[in-house]
Protein chains: 2
Amino acid sequence: MRGMENDSPAFAASQESLGVLLGLVRTEIVRAMEAELAAAGVELRFTQFLILKRLARLGPMSASELARAVELDGGAMTRQLDHLEGRGYLRRCPHEQDRRALRIELTDQGNALWQQLTDCNERVLGAAQRSLGEAERRRLHDYLTRVLHALRDKD
Amino acid sequence: MRGMENDSPAFAASQESLGVLLGLVRTEIVRAMEAELAAAGVELRFTQFLILKRLARLGPMSASELARAVELDGGAMTRQLDHLEGRGYLRRCPHEQDRRALRIELTDQGNALWQQLTDCNERVLGAAQRSLGEAERRRLHDYLTRVLHALRDKD
DNA sequence: CGCAGATAGTTGTCAAGGCAACTGTCTCGC
DNA sequence: GCGAGACAGTTGCCTTGACAACTATCTGCG
């Protein structure tokens, strides 16, 4: 049942799409997640959601660690932190060992928010992967990881 | 050192990354492709590359068909067309049946450019998937397609 | 016919993120 | 100790793409 949609470029179709396909899937996940957040009455962009998630899961860290964790530019991170701090979800504390750095930590409000959000997260990812079995999910993750490494360690 | 939050080991790990992972892989592909283009002396963004590709592969079509094909907003498409037309790669012709619409077609220069680009395309996609076997590539594509459908037809 | 609604393309506005410049701090080699 | 270079965070500038408003055209229904 695999050879669907082949006018002529059955081979081209698989090659051609990868970059595009990834974009489509990601866009759709982002959209779904933001819809889910909005439905829960939370006004958050996907990126902001990711930042909170990282903080909630890994605990306080510096802004640049956080930026690397979500693959965001340093400048962009500063602005997101402004925004999230302004809304009371996190705070910038001085780093103990390094006076250049910050220690970003969730406030109580931020932690409370994350309690709500954790469901959204699972619902969306569950919905996205609902047509994949457990083994397939693992394979998908594995393939993507390998592609990523292939692109990064370009020997 | 805290215990790496394995609430549900493999489960959480694979769940958590999907959205992010897709973004990472896509970003890397885009970066690689633009680097490849630049190395070939062609000053093109990924999106512009996609537009030319679609036109080269599928022939002339209207601007909105093109926009749908690359999943781009109509407004953004207008500006990309401005840019590509200004550089002589394509032209806007009046549509024969529909006076609202345009018929976007590659110029000779645009076609010539695509000849160069087709290699870049294959090189990058080949590099990205170099660690995947043929069957795995098909599966990856299949999984992504299924995830996409699961997200779109959310019954 | 004539009007309502959909669609094609354009334009203005906005938010997000990348990049570069800059300051302040750290680190390492001398 | 000190100077060079690396790194943290901030800010300004720019590009991109989404969204909304607008005009022009098409389609379908009475």
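Lettering of chains follows the sequences in order, A, B, ..., and the numbering in each one begins at 1.
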Start with the C-alpha gap between B:D142 and B:R138, add the side-chain angles, then the distance that decides, and say whether salt bridge (charged side-chain N to carboxylate O under 4.0 Å, His left out) holds. CA-CA 6 Å; B:D142 174 48; B:R138 264 186 279 111; over 6 Å; no
Side chain of A:T107, backbone of A:Y89: donor and acceptor closer than 3.5 Å? yes
Donor-acceptor pair, A:R92 side chain versus A:I104 backbone, under 3.5 Å? no
Side chain A:R54, main chain A:A69, donor-acceptor under 3.5 Å: yes
Side chain of A:S62 only, please: which of D:dT11, C:dG9, D:dG9 is the nearest? D:dG9
Distance test, side-chain N/O of A:T78 to OP1/OP2 of D:dG9, below 4.0 Å: no
B:F46 atom CZ is separated from D:dG17 atom C1', nearest whole Å, by 15 Å
Pair B:R130 + B:E122: basic N to acidic O under 4.0 Å: no
Tell me: CG of B:L44 to P of D:dT15, nearest whole Å? 16 Å
Is there side-chain contact between B:L72 and B:M77, with at least one heavy-atom pair below 4.5 Å? yes
Give the rounded distance in Å between these two atoms: CG of A:D82 and P of D:dA8. 18 Å
Decide salt bridge (charged side-chain N to carboxylate O under 4.0 Å, His left out) for B:R103 and B:E105; before the verdict, give the C-alpha distance in whole Å, the side-chain angles of both, and the deciding distance to 0.1 Å. CA-CA 6 Å; B:R103 173 190 156 97; B:E105 58 182 39; 3.0 Å; yes
Side chains of B:T27 and A:E71: closer than 4.5 Å at any heavy-atom pair? no
Which residues in residues 92-107 of chain B have at least one heavy atom lying under 4.0 Å from any atom of DNA chain C? B:R92, B:R100, B:A101, B:L102
For residues 29-49 of chain B, run the donor-acceptor check on the side chains, cut-off 3.5 Å, and write out each pair with its distance to 0.1 Å, sequence neighbours left out.
residue	atom	partner	partner atom	Å
B:E34	OE1	B:R45	NH1	2.9
B:E34	OE2	B:R45	NH1	3.0
B:E34	OE2	B:F46	N	2.9
B:E36	OE2	B:R123	NE	2.5
B:E36	OE2	B:R123	NH2	3.0
B:Q48	OE1	B:R45	N	3.0
B:Q48	NE2	B:Q80	OE1	3.0
B:Q48	NE2	B:H83	ND1	2.8

Atom CG of B:L90 to atom C1' of C:dG9: distance rounded to whole Å? 15 Å
Whole-Å distance between D:dG9 C1' and A:I51 CD1? 14 Å
Strictly under 3.5 Å: I want the nitrogen or oxygen pairs between protein and nucleotides 15-19 of chain C, one per line.
residue	atom	partner	partner atom	Å
C:dG17	OP1	A:T47	OG1	2.5
C:dG17	OP2	A:Q80	NE2	2.8
C:dG18	OP2	A:D73	N	3.0
C:dG18	O6	A:R79	NH2	3.0
C:dC19	N4	A:D73	OD2	3.4

To the nearest angstrom, how far is B:L66 atom CG from C:dG9 atom C1'? 13 Å
